Amino acid sequence: MDSNSTSPRAPGNGTVAFAVLAATAAVVLVQVVAGGTSSRLVLLLVFLPALLAGLGTVAQTVAAAAWVTAVIVVHSVLYPPGDLSARLGTLLVVIAAQAAVIGLCARRVRRERQLSRMRQSAVALQRQLLRPLPVTTPDVRLDGLYRPVEEDAMVGGDLYDVAYTPHGTRVLVGDVQGKGLPAIGTGFAVLSAFREAAFREPHLPAVADALEAAVERHNAYAVQSGEQERFVTATVLCVGGDGDGDGDGGSPGGNGHGGGDATEVRAVNCGHLSPYLLRPDGRVEPVPLDAGIPLGLASLAGPGEPRPVRRFALPGDGVLVLLTDGITEAQDASGTFYPVEQGLADLTAVPADALPEALDRRARRWSGGRSRDDVTVLALRRAPGHPAVRP
């Protein structure tokens, strides 16, 4: 955008014109009531362009400065000071002040343009790293959305991927601590490790261990470069394939609601949000997964048991919803977080391919349109024709 284009947060021209005219009328009215013999009250109008310079465009600031200068000139003609030198001195000070304000506004707009370009580049880079949705494999259909944060200059660290492997369809969803290019770099390390380990490792905990090793290597490089170490919350799931080697940790029936039409899902959680299961009868249930240790922090916990695998059933017409904290941490004016479970319960009639956008719209309405973090919502369901796995 050029220096005269509308900033994303700039007020409209009509709003600016109304505010400037209203302020001018108020000051002139007070001036008339006071007797109109002094120009001091009218000089208060010089603060209008200064206020606008922090929010408006350069064109709006120039227009307001020209208007204020003209009003002061007219007022000095109608109610001149005692001598010509005082009149010219006042006019020169006003012009100098308005020129300085316009310069500050232009500088602010240039800075916003630079930040916008940086953010657009970061968003484009992250979208290149993330797989376009929807994705369909012989095992699952994955619909979803990714929406970068709007309030900050940089995108966040949400990540996801899907890999159809000889071991089944493996799905990753995660969130890197922090924002900006460093977070994207950490996310790229995790995605690269997943895309390799998902095919190489027959067991799901080994995939999670490969992701842990990737974050540790990336953090070691970050320390050498003087950057901050980061951790990543993530959940790795698998549908299909032979899961006998993935260990125990739950019945395929899952929560006591299994059945002959259910497909087994295996999951390893690394400190990420638990998913939600939308059942065909309209019930919404959080899937109880172990909290787990985020990727990059396993060494702090010391040696321990391998990350546990939890098994649960995905009904034939059920939908598994995976998300990041851009949804769960949406807050209303009172600071109350968005009730995700209730929000999903209100959307049980929405088709799975439209569910992620519908949930995002509701969360945005809840927060008044404010976004503090990236938003990722994935809706996973069994692919048409995929055979059920009977417990």
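Keep in mind it's a predicted model, so treat the numbers as computed, not measured. No hydrogens, no waters, no symmetry mates; every other heavy atom, side chains included, goes into these values.
- Among all heavy-atom pairs drawn from Val20 and Ala64, the shortest one is CG2-CB, 4.2 Å.
- Under a hydrophobic clustering in which Ile, Leu, Val, Met, Phe, Trp and Tyr are joined whenever their side-chain heavy atoms come within less than 4.5 Å, directly or via other members, Leu323 and Val171 fall into different clusters.
- When every heavy atom of Thr348 is checked against every heavy atom of Gly282, the shortest pair comes out as CG2-O, 3.3 Å.
- The structure places CG of Leu45 at 9.5 Å from CD of Gln98, a figure rounded to the nearest 0.5 Å.
- When every heavy atom of Ala197 is checked against every heavy atom of Val207, the shortest pair comes out as O-CG2, 3.8 Å.
- In this structure, CG in Asp158 is found 7.0 Å from CG in Asp325, a value given to the nearest 0.5 Å.
- Residues Arg361 and Arg364 form no side-chain contact, since every pair of their non-hydrogen atoms from C-beta on lies 4.5 Å or further apart.
- Between His167 atom NE2 and Leu204 atom CG the span is 10.5 Å, to the nearest 0.5 Å.
- At least one side-chain heavy atom of Leu359 sits less than 4.5 Å from a side-chain heavy atom of Leu344.
- Here the closest heavy-atom approach between residue Pro356 and residue Gly144 is recorded as CG-CA, 3.6 Å.
- Distance check, rounded to the nearest 0.5 Å: CG of Leu278 to CG of Leu314 gives 10.5 Å.
- Hydrophobic cluster membership is shared by Leu130 and Val140, with clusters built from Ile, Leu, Val, Met, Phe, Trp and Tyr side chains linked at under 4.5 angstrom.
- The backbone N or O of Asp290 lies less than 3.5 Å from a partner atom in the side chain of Asn269, making a donor-acceptor pair.
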side-chain contact (heavy atoms from CB on, under 4.5 Å) evaluation trace for Phe312 with Leu320: CA-CA 11 Å; Phe312 58 94; Leu320 186 67; 3.9 Å; yes
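- Panel note: side chain Asn219, backbone Arg230; a donor-acceptor pair is recorded below 3.5 Å.
- In the displayed structure, Phe199 atom CZ is contacted under 6.0 Å by more than 12 heavy atoms of other residues, nucleotides or ligands.
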Asp175/Asp373 under side-chain contact (heavy atoms from CB on, under 4.5 Å): CA gap, chis, key distance, verdict: CA-CA 10 Å; Asp175 188 3; Asp373 204 348; 3.9 Å; yes
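- Judged by distance alone, with hydrogens and angles left aside, the side-chain atoms of His272 form no donor-acceptor pair with the main-chain N or O of Val232 at under 3.5 Å.
- Across every non-hydrogen atom of Ala189 and Ala214, the tightest pair is O-CB, 3.8 Å.
- For the pair Pro49 and Ile102, the minimum side-chain heavy-atom distance is 4.5 Å or more.
- Side-chain N or O atoms of Glu201 include none that pairs as donor or acceptor with a backbone N or O of Asp209 at under 3.5 Å.
- Side-chain atoms of Arg217 do not come within 3.5 Å of backbone N or O of Glu212 as any donor-acceptor pair.
- Of the possible donor and acceptor atoms, none in the side chain of Tyr146 sits under 3.5 Å from a partner among the backbone N and O of Arg131.
- In this structure, Leu211 CG and Arg307 CZ are separated by 8.5 Å, a value rounded to the nearest 0.5 Å.
- Using a distance-only test at 3.5 Å, with no hydrogens or angles considered, a donor-acceptor pair links the side chain of Thr324 to the main chain of Thr376.
- With salt bridges taken as basic N to acidic carboxylate O contacts below 4.0 Å, one links Asp143 and Arg381.
- Looking at heavy atoms from C-beta onward, Val215 lies out of side-chain contact with Phe231 at the 4.5 angstrom threshold.
- Shown here for Phe337 and Glu329, the closest heavy-atom pair between the two residues is CD2-CA, 3.5 Å.
- Contact annotation: the side chain of Leu133 approaches that of Leu378 to within less than 4.5 Å [non-hydrogen atoms, C-beta and beyond].
- With hydrophobic clusters built from ILVMFWY side chains whose heavy atoms lie under 4.5 angstrom apart, Val284 does not share a cluster with Leu380.
- A heavy-atom distance below 4.5 Å is found between the side chains of Arg195 and Leu191.
- The shortest distance between side-chain heavy atoms of Thr235 and Leu273 does not fall below 4.5 Å.
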Arg362/Asp346 under side-chain contact (heavy atoms from CB on, under 4.5 Å): CA gap, chis, key distance, verdict: CA-CA 10 Å; Arg362 283 177 172 259; Asp346 296 337; 3.7 Å; yes
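- In this structure, Arg170 contributes its side chain and Ala198 its backbone to a donor-acceptor pair below 3.5 Å.
- Follow the hydrophobic side-chain contacts under 4.5 Å out from Leu322 and you reach Val190 in the same cluster.
- Residue Val173 is grouped with residue Leu277 when hydrophobic side chains (ILVMFWY) are merged at heavy-atom distances under 4.5 angstrom, including chains of intermediate members.
- Taking CG from Leu289 and CG from Leu237, the interatomic distance works out to 7.5 Å, rounded to the nearest 0.5 Å.
- The existence of a salt bridge linking Arg279 and Asp281 is excluded, since no basic side-chain nitrogen approaches an acidic carboxylate oxygen closer than 4.0 Å.
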Verdict with reasoning, Asp139 to Tyr164, per side-chain hydrogen bond (donor to acceptor under 3.5 Å, both in side chains): CA-CA 8 Å; Asp139 300 309; Tyr164 177 61; 5.1 Å; no
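- The environment of CG in Asp332 is crowded: more than 12 heavy-atom neighbours from other residues, nucleotides or ligands sit within 6.0 Å.
- Open room surrounds CZ on Arg107; 12 or fewer heavy atoms of other groups in view lie less than 6.0 Å from it.
- Counting heavy atoms from C-beta on, the side chains of Leu159 and Phe194 never come closer than 4.5 Å.
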